[in-house]
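What follows is a single structure, written as structure tokens, with notes after it.
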Amino acid sequence: MPDETVAARAPTGTHDVLWPESARWEHLVAGFAARVEAAGFGLAVTPLIEDVRVFRRGIGEGSDVVGKEMYELEDRGGRRLALRPEGTAPVVRAFVQHRPPLPWKAWYVTPAFRYERPQAGRYRQHHQLGVEALGTGDPDLDVEVIALADGFFRSLGLVGFEARINSMGDAACRPGYAALVAAHLRARQDQLCPEHAGRWEANPLRVLDCKKPGCVAATEDAPRFLDHLCDACAAHFARVTDGLRSVGVPYRLAHRLVRGFDYYTRTTFEFSAEHLDAAQNGIGGGGRYDGLVEQLGGPATPGIGFGIGVERLLLACDAEGVFPVDPPRPHAFVVDVTGGAEARDLSIALRGAGFRVERAFDGRSMKAQLKAADRSGAAVALIVGPDELAAGTVTVRPLRAGGDQRQVARDQVAEALRSAIPAAHAVDGSRRGGAGEERHHDEELT
RNA sequence: GUGGCCGUAGCUCAGUUGGUUAGAGCGCCAGGUUGUGGCCCUGGAGGUCGGGGGUUCAAGUCCCCUCGGUCACCCCA
């Protein structure tokens, strides 16, 4: 049957973010940018598409994300490309390509694509905020990065979340530990869940992450990586936990925390929100990836980073009732019942002077325009009728605060506006959880 | 990818054992008030009943398929 109309609907698992919800996004990104830039991270914008090998080699052929969930495509030139399923590999690829001076610290905000069945807090296109720091293996950097995520969450007003950390060791100690776990599992094969019963040998550490009762029981008293780290990894981890305690970032050791990407080494961590359903409660995660740069063809360079899921973070905020939406409102709404030319000229002039100004179109009635002005949330209405037009004046009518309306000369409207706008209107974002820098109206005018 | 539940105006929903022109609230537009928003009153616009096929004299109501949403598993942000 022929499709006669375009399917006006976002593809499965994708979604639109429109006003006023998008105001939260703006604020979230601005707040994140302010915090990470204060810590020396600079914005990195890299292509949405990459050679598939960037992800295959970086994330790992065996991971679910690469094996089953990547959006892959071939362009007209026969190149094998993939839509990024995560944010780290592309940034590291850019690092390898450009070799900026070390240490190099970058942040990003990006869509990420994974072909999975959507459900609450899980999308085929979701969005991530993240940072990557390359060029130093100093454990103090691990502390900084974890503290950055923790501080960002707290800046939104979130309290019901927890940082769980673990160490994945390195090339020196991971094989030995994996062998220990494998030996442990071999004696308990019959307890494993159906999924892992047949494939625990390929990657024994994955079993630690399984939430099925059987696997949980089988691994309950499994050897812990923290007890089997090599001296260097153990010292690194100790420095990280010391640092977290010193700077006051609460954390919990998570012996079973095994992240899904192959590139992680040493410190790994996840932030989980307690008010979200257990299935999708991860609001952020990351870790150290000291071998990734080499994997992508660069010189041996340590690195660490994290990604935060925007949609899930917002869900967590909703669950706690924090980070409310408070979109910017117009300072003034021009009501013109003389044809619209006055509204046109006045609103454009006032915007040029730094005010947020709205107006109505299509020559609607004064009542309709004032109604629109009220709904817009504008602090004042600037009314131009035949009388004002003749007198060269504008009626300034407060809509939110008290006080009487008054007429002022056209060339004094800006001045009158300044004094007529209540503080609540003049400060952009003062009631939005404090995540962003606050832009004061007065500063915009200078 | 597997399974459960759901799909009626922009939104939230009602639609009696299948039976005349499919309803409400909110929102939107207009009027009541030929210069004044919020409250109130009146009226109006707006619906392929997700889509397709089938059963029937008759389908929003039943059946099949399909698309979409949602929840769980898997995995992750």
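Chain naming here is simple, since letters A, B, ... match the order of the sequence lines and numbering starts at 1 in each.
Judged by Watson-Crick or G-U wobble contacts below 3.5 Å, the nucleotide rC73(B) has rG1(B) as its partner. A 3.5 Å limit on both hydrogen-bonding distances identifies rC28(B) as the Watson-Crick or G-U partner of rG44(B). A 3.5 Å limit on both hydrogen-bonding distances identifies no Watson-Crick or G-U partner for rG18(B).
In this structure, H127(A) forms no aromatic stack with the base of rA77(B), since the conditions of centre separation below 5.5 Å and plane angle below 30° are not both met.
Ion pairing between E72(A) and R56(A) holds under the 4.0 Å rule for side-chain N and carboxylate O.
Using a 4.0 Å heavy-atom criterion, one finds that G121(A) contacts the bases of the nucleic acid, with or without backbone contacts as well. Within 4.0 Å (heavy atoms only), A372(A) reaches no atom of the nucleic acid at all. As judged by a 4.0 angstrom heavy-atom cut-off over every strand, I283(A) is placed among residues touching the sugar-phosphate backbone only. Contacts of E270(A) with the nucleic acid, taken as non-hydrogen atoms under 4.0 Å apart, are absent. Within 4.0 Å of A112(A), counting heavy atoms only, lies no atom of the nucleic acid at all. Residue contacts shown for G13(A) are limited to sugar-phosphate atoms, with no base heavy atom under 4.0 Å away.
Put simply, the side chain of Q119(A) and the base of rG69(B) share no donor and acceptor less than 3.5 Å apart. Side-chain N/O atoms of Q405(A) and base N/O atoms of rU36(B) include a donor-acceptor pair closer than 3.5 Å. A donor-acceptor contact under 3.5 angstrom links the side-chain atoms of D374(A) to the base of rG37(B).
Counting heavy atoms from C-beta outward, R288(A) and P302(A) have side chains that approach closer than 4.5 Å.
The gap from the P atom of rC49(B) to that of rG53(B) amounts to 12 Å, rounded to the nearest Å. The C1' atoms of rG7(B) and rA14(B) are separated by 15 Å, rounded to the nearest whole Å. Rounded to a whole angstrom, the distance from the C1' atom of rA45(B) to that of rG10(B) is 12 Å.
Checked against rG38(B), rC75(B), rC67(B), the side chain of E116(A) finds its nearest nucleotide in rC75(B). Listed candidates were rC73(B), rG68(B), rC29(B). Nearest to the side chain of R117(A) is rC73(B). In this structure, of rG35(B), rA77(B), rG31(B), it is rG35(B) that holds the atom nearest to the side chain of D387(A). Residue T12(A) has its side chain nearest to rG68(B) when only rG3(B), rG37(B), rG68(B) are considered. Here rC67(B) is the nucleotide among rC67(B), rU36(B), rG1(B) with the atom lying nearest to any side-chain atom of R9(A).
Nearest-nucleotide assignment on RNA chain B puts the 5′-proximal partner with P118(A), out of G285(A) and P118(A). Toward the 5' end of RNA chain B, the nearer of the two residues L370(A) and E69(A), judged by each one's closest nucleotide, is L370(A).
The NZ-P distance, from K68(A) to rC75(B), rounds to 13 Å in whole Å. Atom CE of M70(A) and atom P of rA77(B) are 15 Å apart (whole Å). Residue D336(A) contributes atom CG, which lies 17 Å from atom P of rG37(B) at whole-angstrom precision. rA77(B) atom P lies 11 Å from atom CZ of F269(A), rounded to whole Å. In this entry the distance linking CE of M366(A) with P of rA30(B) reads 14 Å, nearest Å. One interatomic measurement links the two molecules: NZ of K367(A) to C1' of rU42(B), which rounds to 11 Å at whole-angstrom precision. Computed from coordinates, the D16(A) CG to rG10(B) C1' distance equals 15 Å when rounded to whole Å. Distance K371(A) NZ to rG35(B) P: 18 Å, rounded to the nearest Å.
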Per-pair distances, 0.1 Å, donor-acceptor, side chain in residues 13-21 of chain A, under 3.5 Å, sequence neighbours excluded:
residue	atom	partner	partner atom	Å
T14(A)	OG1	P11(A)	O	2.6
H15(A)	NE2	E311(A)	OE2	3.0

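Geometrically, R124(A) engages Y115(A) in a cation-pi contact defined by less than 6.0 Å to the ring centre and at most 45° from the axis. By the 6.0 Å and 45° rule, R93(A) does not stack over the aromatic ring of F95(A).
Summarising the local packing, CZ of R80(A) is surrounded by more than 12 heavy atoms from other residues, nucleotides or ligands at distances under 6.0 Å.
Distances shorter than 4.0 Å separate some side-chain N or O of R364(A) from OP1 or OP2 on rA30(B). An OP1 or OP2 oxygen of rC29(B) is reached within less than 4.0 angstrom by a side-chain nitrogen or oxygen of R375(A). Residue Y115(A) places at least one side-chain N or O closer than 4.0 Å to OP1 or OP2 of rG1(B).
Counting only N and O atoms by type, the side chains of E388(A) and T395(A) include a donor and acceptor under 3.5 Å apart.
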